[in-house]
Amino acid sequence: DFIRSKYQGETFDVIVAVGNDALRFAGGYGQEIFPNVPIVSWGSRDLVENWSAGPPITAVLEPELRKHLAGALDFILAVQPQVRRVFVVSGAAAVDRQRETVAREALTPFENRIALHYLSGLALEDLRQQLSSLPKQTAVLFLTMNEDGKGKKLLTRDVLASVAQIANAP
């Protein structure tokens with residue numbers, strides 16, 4: 001109702017739905033609120049691949065996460081062959097935990113080459129402390145942090161920018 005009243009009388013060329021919740025909303029209410037306006041989505045493969053009802057969409061999909069994470073770690077080790085340990089960072093939100101689970105599975109083959117340490121679900125202050133005093137020959141693989149261990153809602157991009165400034169490893 002809020003969106004309907006806010007944009008009543010407005011015309012749009014395109015609706016850009018970023019993330020699963022926005023895409024679900026656009027799929028469920030888009031034709032009613034924004035009739036015949038094309039929908040472009042960025043986000044999860046699962047939701048788009050299982051899109052069965054609703055208006056047609058054009059989607060830019062996230063890369064397949066397992067392959068993306070393995071490729072990222074391969075790249076880190078190629079660029080920094082001296083790395084002996086990698087700290088994998090993720091938050092406490094359900095989506096953060098889901099990505100951590102995928103990372104643990106995808107990165108298992110690397111365990112014979114490097115030590116993997118998971119910093120998951122920490123309070124933001126604790127994470128900042130940990131990342132500011134990492135051992136030598138270390139790299140950080142940052143996943144997502146939408147919520148910290150104290151339940152504080154966060155924006156991943158802001159957390160990443162913040163910890164990148166204080167981390168003593170790339």
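Both backbone and side-chain heavy atoms feed into the values below; hydrogens, waters and symmetry mates do not. One is the number of the first residue; the rest follow in order along the sequence.
Using modelled atom types, no side-chain atom of D148 and backbone atom of A123 make a donor-acceptor pair closer than 3.5 Å. Listed for the S5 side chain is a donor-acceptor partner under 3.5 Å among the backbone atoms of D1.
Distance check: L77 CG to F110 CZ gives 6.5 Å after rounding to the nearest 0.5 Å. With rounding to the nearest 0.5 angstrom, the CD atom of E100 is 11.0 Å from the CD atom of E105. For the atom pair E32 CD and R4 CZ, the distance stands at 4.0 Å (nearest 0.5 Å). One finds the NZ atom of K150 at 4.5 Å from the CD atom of E125 (value rounded to the nearest 0.5 Å). For the atom pair I15 CD1 and S41 OG, the distance stands at 12.5 Å (nearest 0.5 Å). Here the CZ-CD1 distance, from F12 to I33, works out to 10.5 Å after rounding to the nearest 0.5 Å.
Side-chain contact between I3 and Y29 is absent, with no heavy atoms from C-beta onward closer than 4.5 Å. Annotation: side chain of L141 is in contact with side chain of L107 (closest heavy-atom distance under 4.5 Å). Looking at I166 and R128, their side chains come closer than 4.5 Å, going by heavy atoms from C-beta outward.
Contacts classified as ring pair (Phe, Tyr, Trp, His ring centres under 6.0 Å) and involving residues 56-105 (residues at least two apart or in different chains) are given here: F87-H117. Listed by first and then second residue, the side-chain hydrogen bond (donor to acceptor under 3.5 Å, both in side chains) pairs involving residues 7-19 amount to none (not counting sequence neighbours).
Scored by the ring pair (Phe, Tyr, Trp, His ring centres under 6.0 Å) test, F142 finds no partners at all (sequence neighbours excluded).
Both L127 and L160 are assigned to one and the same hydrophobic cluster, defined by single-linkage of ILVMFWY side chains at heavy-atom distances under 4.5 Å. Residues L116 and I76 share a single hydrophobic cluster, defined by chaining ILVMFWY side chains whose heavy atoms lie under 4.5 Å apart. When hydrophobic clusters are built by joining Ile, Leu, Val, Met, Phe, Trp and Tyr residues whose side-chain heavy atoms come closer than 4.5 Å, directly or via intermediates, Y118 is grouped together with L73. L122 and L134 end up in the same hydrophobic cluster when Ile, Leu, Val, Met, Phe, Trp and Tyr side chains are linked at under 4.5 Å. In this structure, V95 is not a member of the same hydrophobic cluster as V18, with clusters built from ILVMFWY side-chain heavy atoms closer than 4.5 Å.
Only one option out of T156, L69, V89, L119 pairs with L143 in a side-chain contact (heavy atoms from CB on, under 4.5 Å); it is L69. If you run side-chain contact (heavy atoms from CB on, under 4.5 Å) between I39 and each of T58, L23, V16, V14, only L23 comes through.
Closest heavy-atom contact between A70 and A106: CB-O, 4.4 Å. For the pair P170 and T138, the tightest heavy-atom approach, listed with the atom from each and the gap, is CD-O, 3.7 Å. The nearest pair of heavy atoms linking M145 to G91 is CG-CA, 3.7 Å. The heavy-atom pair separating V88 from A103 by the smallest distance is CG1-CB, 4.4 Å.
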CA sep, side-chain torsions, deciding dist, call: N168, L131, side-chain contact (heavy atoms from CB on, under 4.5 Å): CA-CA 7 Å; N168 68 329; L131 294 179; over 6 Å; no

Derivation of the side-chain contact (heavy atoms from CB on, under 4.5 Å) call for V86 and V83: CA-CA 7 Å; V86 173; V83 166; 3.8 Å; yes

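Between the side chains of S120 and R97, no donor-acceptor pair is found at a separation under 3.5 Å. Side chain to side chain, S90 and D96 fail the donor-acceptor criterion of an N or O pair below 3.5 Å.
Ionic pairing of K152 and E147 is not present here: no N-O contact between side-chain nitrogen and carboxylate oxygen is shorter than 4.0 angstrom.
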